[in-house]
Amino acid sequence: MDQQGTRTLVIQSTGDSPLLATQLVDTIATIPLVETVVGFGPVRDVTAAALPDGTRVGARLAYGVIGNVQATPRTPNEATVQLAWLSMQASRTLGLPPGAGTIRIIDGPEYTVAGVVTPPDYLQSFEPLVVIPTPADPHGKASLSTIVILAKSPEDVAFLGKTVAPLLSELPDENVSLSSSERLATLRQAIGGELTKQARVIVLAVLAISTAISLVIVWGFVLGRRKDLGRRRALGATRATIIALVVGQVALTAALASTMGALFCTATLSMLNTQIPRPSYVMAVVVGLTATAALAASVPATYAANRDPLHELRVP
Amino acid sequence: MMPSLEAPTGGAYLGPRVRVRGAVFGYGTDSPIVDDWSAEFHPGTVTAITGPSGCGKSTRLYLLGLMVKLTAGAVEIDGQRVDHLSDAARSRIRAWRFGFVFQDAALDPTRSVLDNIIEASLYRNQSRREAAQRARELMDRFDIAIPPDRRPGQISGGQAQRIALCRALLGEPDILVADEATGNLDPRSAATVLEAFREHAVTGGCAIVVTHDPTVAGWADRRISLDPLHEGVSA
Ligand SMILES: Nc1ncnc2c1ncn2[C@@H]1O[C@H](COP(=O)(O)OP(=O)(O)O)[C@@H](O)[C@H]1O
Ligand SMILES: [Mg+2]
């Protein structure tokens, strides 16, 4: 993970029309903790002007600073000149020479490629990057959907977030989100999601395997105890007593075993300084394994209980 | 299930304690081992069931103990039919009214001698402490001079059978049943077991012994012979 990734704050507006105005970028740029800030409009597809059927790349209106490119037109004049900056990767994808050529928005205007933009680390996820500097929004209008803020230091990100949040108070909550280091968060979310899914699969697999193993072990256990269970039946144990006996013994064993396993795992994890699962999760695993074993035991237990005691008494 | 079946009834009933009427039973698809068998077992009496090996003596004991489902016929206790009751009800009758002594003692090798003796009290929902107290008394009565926490693996065959006898008597059953209970025993242990059965009958109990030993059969009050050559009842 790059260092800059941990210094990023992202404001995102969802929904049909962009909600973030360029003035917000200007305001954020004045905050001392901010190293740089840039706003992007919604993605529009572009092709090389000469190749309308060529490969499409997403272009964004941009306002602010992107690495080497000051995407804030200084003069109204500059804004009227329709210019675009392309990353090397974008030019290659579109089939254009680096920093040159002309692009066209699908069913829209043409832009002259003014130069090469080198996306800094924290904007890598926007590659292939095509930026079209946009002038400041007229009052009451918003053209940006994403604002990416790079803080001067990772320690400042949290505080910066608190500083920026009030600036968004006018905007509808449900359509605007503020998240620190989006790439990191996305990655974490992705890993997290993967882990949860994997953990679920593992837990299910463990339960399935332990059910199968318990079933086999308990079958063996019951078969080995046919004489014992037959004697119990002959001495007056009801079927229910036999089932309760077998299931109870198996459940007790499973509860002891899984509790010991859980304690051992927790101890190992804490020695490795790894995150220890919540106690409720550990409890759930113990209860789950015990219930699984009891469930597995109930099948042979019922079988054992329903055999005639004399058959079992005759087992040598 | 009538509660009267779980405890000895007092006074009024004068018929046989256990009666079998026209019982038919066979294992699987084989022709029946027990075919139209009728018999009576009275209180105050030791009845011996005799016959050659394989003629169905043990099977008849299991039948009396309500452990099998008859193809036809009925088993009555104190004049009430019980063989068609639910499994739970038949189990309770076994727990409360029968005491069994099996051929090989059939002790649980994993548990102590004391636990073996009090096992069936669990099925009668009796308190463990009371049962343990009574178990020690029975151990004294039958001269079992071994520590109660000893495992069955560490005792002699004669001791094991006397322990099985304690287990059978713990619930003060009114029907005491033995399946070749003296077969493998030294004379002294065999005598102890037989004396216990006699004692049970003398005090009004119904004692049933299965045996192929003519001496034991001769000692009983009544004999039910299953030998095809001289089948019948003798007293
Ligand atoms: N579980 C069983 N399945 C099939 N046949 C059995 C079973 N138990 C006993 N038998 C058969 O029933 C017959 C009577 O057995 P049993 O009642 O044990 O005789 P006894 O006690 O007089 O020696 C024997 O021929 C025996 O092989
Ligand atoms: Mg037999």
Report summary line: Tightest non-hydrogen contact, residues L235(A) and Y123(B), listed as O-CD1, 3.6 Å

Report summary line: In terms of heavy-atom contacts, F102(B) and A234(A) come closest through CZ-CB, 3.7 Å

Query - Whether over 12 other heavy atoms sit under 6.0 Å from E137(B) CD - result: yes

Report summary line: Minimal heavy-atom distance between R231(A) and A106(B), with the atoms involved, is CD-O, 2.7 Å

Requested in this report: Taking only Lys NZ, Arg NE, NH1 and NH2, and the carboxylate oxygens of Asp or Glu, determine whether R111(B) and D228(A) approach each other closer than 4.0 Å.
Outcome: no

Query raised in the report: Looking at R94(B) and G236(A), what are the two nearest heavy atoms and their distance?
Result: CB-CA, 4.0 Å

Requested in this report: Quick one: which of L122(B), L107(B), D108(B), D87(B) has the most heavy-atom pairs under 4.5 Å with chain A, could you say?
Outcome: D87(B)

Query - Contact class of R232(A) relative to chain B, heavy atoms under 4.5 angstrom - result: both

Requested in this report: With a 4.5 angstrom heavy-atom cut-off, could you sort out which part of R167(B) is near chain A: side chain, backbone, both or neither?
Outcome: side chain

